[in-house]
Undergrad: 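Attaching a single structure in structure tokens format; questions to follow.
Residue numbers start from 1 in every chain, and the chains themselves are labelled A, B, ... in the order their sequence lines are given, proteins ahead of strands.
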Number of protein chains: 2
Amino acid sequence: MPTATGRSRRKAGPSIEDVARLAGVSAQTVSRVSTGADAVRPATRARVLAAMDQLGYSPNRAARALRNGSFGTIGLLAHRFERTGEALTTKAVVEAAEAQDHSVTLLHVSNPEADGWQHAAHRLSHQAVDGLVIIRAEQATPDSLALPAGLPIAVSDSRLVGYYPAVVADQVQGSQDVMAHLLGLGHPTVHHIAGPADSDPAALRAATWQRCLEEAGIRPPQVWRGDWSAESGYAAGQRIAEDPAITAVYCANDEMAFGLMRALHEHGRRVPQDVSVVGFDGIALSEFSSPPLTTVKQDFHRIGHELVRLVLDQLQSKPGLSRDRVVVSTELLVRGTTAPPPGR
Amino acid sequence: MPTATGRSRRKAGPSIEDVARLAGVSAQTVSRVSTGADAVRPATRARVLAAMDQLGYSPNRAARALRNGSFGTIGLLAHRFERTGEALTTKAVVEAAEAQDHSVTLLHVSNPEADGWQHAAHRLSHQAVDGLVIIRAEQATPDSLALPAGLPIAVSDSRLVGYYPAVVADQVQGSQDVMAHLLGLGHPTVHHIAGPADSDPAALRAATWQRCLEEAGIRPPQVWRGDWSAESGYAAGQRIAEDPAITAVYCANDEMAFGLMRALHEHGRRVPQDVSVVGFDGIALSEFSSPPLTTVKQDFHRIGHELVRLVLDQLQSKPGLSRDRVVVSTELLVRGTTAPPPGR
DNA sequence: TCCCGGAATGTTGACGTCAACATAGCAGCG
DNA sequence: CGCTGCTATGTTGACGTCAACATTCCGGGA
């Protein structure tokens, strides 16, 4: 059974010794040149550089990592990271890490049940990376992860917030803005298509929606349950479109809003004249639905950068500099899918 | 100049020696248990496993990499990988790599001008990863990359195809299907919103569009030039919407189709009654525009898996098994944005 | 002239792992 | 009862790098 064990010793590239021999110096001098640390006579340095160039030498990162105990690598643990929010965060994490001379190793958690996360965490265990960023670990709990102690970790919205340094978007403010906007337009009530029940951000958005209604003296209607996908928004939309009493829907993300709008469109209900729709996330395409979607924009770029900062601060033992929880503000973008209710 | 060099020796986790001592065996026996390779008596194995568990041991990957000359890591070089196609390909690459016990290190090329790619290639230089996957290296040329010789590489659609083993989507077939569909509906001609001029897939789609028109005896109209973004599709749409003679537009990707549709909508031109629109990629949201977008679906999942296979085949020196070029077929999805031209 | 001191360079060893080889233990058999 | 031929385990060394320490070299001052 020759599975993946068939890895044999690869032919090595030129080593520091080869360069040293060619340049007529010791390995240590080559090391000095390559790390740029110590004093080396300009003539010697030039000779070493020429030798490096000639051999196409580049330092072996495994050996460096072994020597230094540091990989220059941050692990990124995510589930379904091809989704817009995750992809944008990932991009920002990679950029920020690069700016700090770190690279990013991706680990995709295929089955988000506890086992998948644990398996993933184990693979990226504390010797493989210097730190770990976890984005949207929806089902995971600190126990189910069993991460090695001492590994610097930063998480974004998820159940893990509170257990590890975290970056969270201001779900509450964003949801309040949405509700103020819709109720301000005169809608008698607002329906909500929520994200999956095991998602923390989804729960927060739903709770804020509910609280805002209650504070306005309105009894919250039954919540519609989606799973972030446009399909689920479409499915909920099939029922919503049949109820002429519904004039405003707050969707927990943009994809579900797209699904809802298609369902409304198919049932001949006009957006925004008959029904107002609001999304969440501010994905690039949200500006190009017809009409463009009113939504709450998240600053994924900043979220990614803050996540990296939290991890690297721990690495460099600057606990004083890193607050436990960074809140990134959100912004309501009022575009074309919201209007006063019909007959008003 | 203390740049990022301030990394000190991290406190090490438990080593194989610690486990050996606790279990009362030699380090080699621990190694055998941890690699699962050799024969170890069940009682001994159990003792070692218990010791590993108690200490929270996990093998040091740097040491392993140094020993084996292999990192178990594939590098992924991409520009703007947060876009749908890139993100889906990335996901598939990560999954496929994981299935082969490899992890994936992401490298984001921020400025795609030659320098950015070269810088990126240098960072991932041949000792850091066992192989390299390059997706959509639009501006890069083999010379501008200067990749280390002997590093297994696989590329997807880009100018690099032909220089390295490649996986390409069947742009030609997909474009032909689009043109046959639209012309078959009776449209007198078809306009095209192309991708950026330096993109190979964009060029291929545009060339096929042009050839199909010519073969039908139609003189191709001026091409509209976009940059893949919905914004650019919207910008082209502002002009297209003003020309009542235009009844069908083939967009080189879905995002631009979304932008076009919003522009058409704003100008009161109905899709598909007045204008037919076709996209390319088959992103998840394309099914949830109103009406749902007719598009050419690419199998990003398969593309990612083939890329990994090409790299790993080279790693295991199976040149016979890996063709130089894998073509992944595309599929026209006829949905709601295409219809016969008005008055027919 | 000789010695001192600092700068440039060299030598040694250790990081953690695992392949190769070495040895110990033990069952089976004549 | 000793020998053969396994199987289970132990020992050694090397992968490439770099910090710590050691050495060499050289100019300048006494």
Undergrad: For B:N60 and C:dC15, give me the distance from atom CG to atom C1', rounded to whole Å.
TA: 8 Å

Undergrad: Output the rounded distance in Å from CD (A:E17) to C1' (C:dG10).
TA: 12 Å

Undergrad: How many Å lie between CZ on A:R47 and C1' on C:dA8, as a whole number?
TA: 12 Å

Undergrad: Please determine whether a side-chain nitrogen or oxygen atom of B:R67 lies at a distance below 4.0 Å from atom OP1 or OP2 of C:dG16.
TA: no

Undergrad: Rounded to the nearest Å, what distance is computed from the CZ atom of residue B:F71 to the P atom of nucleotide D:dC15?
TA: 16 Å

Undergrad: Is there a side-chain contact between A:H305 and A:V93 (heavy atoms, below 4.5 Å)?
TA: no

Undergrad: In whole angstrom, give the distance that lies between atom CG of A:N68 and atom P of D:dG16.
TA: 16 Å

Undergrad: Is the shortest side-chain heavy-atom distance between A:I135 and A:V133 below 4.5 Å?
TA: yes

Undergrad: Kindly give the heavy-atom pair with the smallest separation between A:G304 and A:A92, and that separation in Å.
TA: CA-CB, 3.7 Å

Undergrad: Between D:dA14 atom P and A:L66 atom CG, what is the distance in whole Å?
TA: 16 Å

Undergrad: Is there a residue in residues 19-27 of chain B whose heavy atoms reach under 4.0 Å of DNA chain D, and which residues are they?
TA: B:V25, B:S26

Undergrad: Grab the two heavy atoms, one from B:V48 and one from B:V19, that are nearest each other, plus how far apart they are.
TA: O-CG1, 4.1 Å

Undergrad: Does D:dG10 have OP1 or OP2 under 4.0 Å away from a side-chain N or O of B:T29?
TA: yes

Undergrad: Distance check: side-chain N/O of B:R41 vs OP1/OP2 of D:dT9, anything under 4.0 Å?
TA: yes

Undergrad: Please determine whether a side-chain nitrogen or oxygen atom of B:T44 lies at a distance below 4.0 Å from atom OP1 or OP2 of D:dT9.
TA: yes

Undergrad: Over all heavy atoms of both residues, which pair between B:P165 and B:Q314 is shortest? Give the atoms and the distance, please.
TA: CG-NE2, 3.7 Å

Undergrad: Go through A:T105 and B:T105 one step at a time and tell me if the side-chain hydrogen bond (donor to acceptor under 3.5 Å, both in side chains) criterion holds.
TA: CA-CA 4 Å; A:T105 290; B:T105 289; 3.0 Å; yes

Undergrad: Output the rounded distance in Å from CD1 (A:I16) to P (D:dA14).
TA: 18 Å

Undergrad: Dump the intermediate steps for side-chain hydrogen bond (donor to acceptor under 3.5 Å, both in side chains) on B:H79 and B:E86, then the final yes or no.
TA: CA-CA 9 Å; B:H79 168 53; B:E86 278 83 341; over 6 Å; no

Undergrad: Taking N or O atoms only and anything under 3.5 Å, show me the protein contacts with nucleotides 22-28 of chain D, one pair per line.
TA:
none

Undergrad: Mapping B:A63 and B:R32 onto DNA chain C by nearest heavy atom, which one lands closer to the 5' end?
TA: B:A63

Undergrad: Does B:N68 reach the main-chain N or O of B:R64 with its side chain, forming a donor-acceptor pair under 3.5 Å?
TA: yes

Undergrad: Output, in order, the C-alpha distance, side-chain angles, deciding distance and verdict of side-chain hydrogen bond (donor to acceptor under 3.5 Å, both in side chains) for B:R41 and B:T29.
TA: CA-CA 10 Å; B:R41 209 161 32 143; B:T29 299; over 6 Å; no

Undergrad: Nearest whole Å is fine: how far is C:dT17 C1' from B:M52 CE?
TA: 12 Å

Undergrad: Where each residue is assigned the nucleotide of DNA chain D containing its nearest heavy atom, which of B:Q28 and A:S31 is assigned the position nearer the 5′ end?
TA: B:Q28

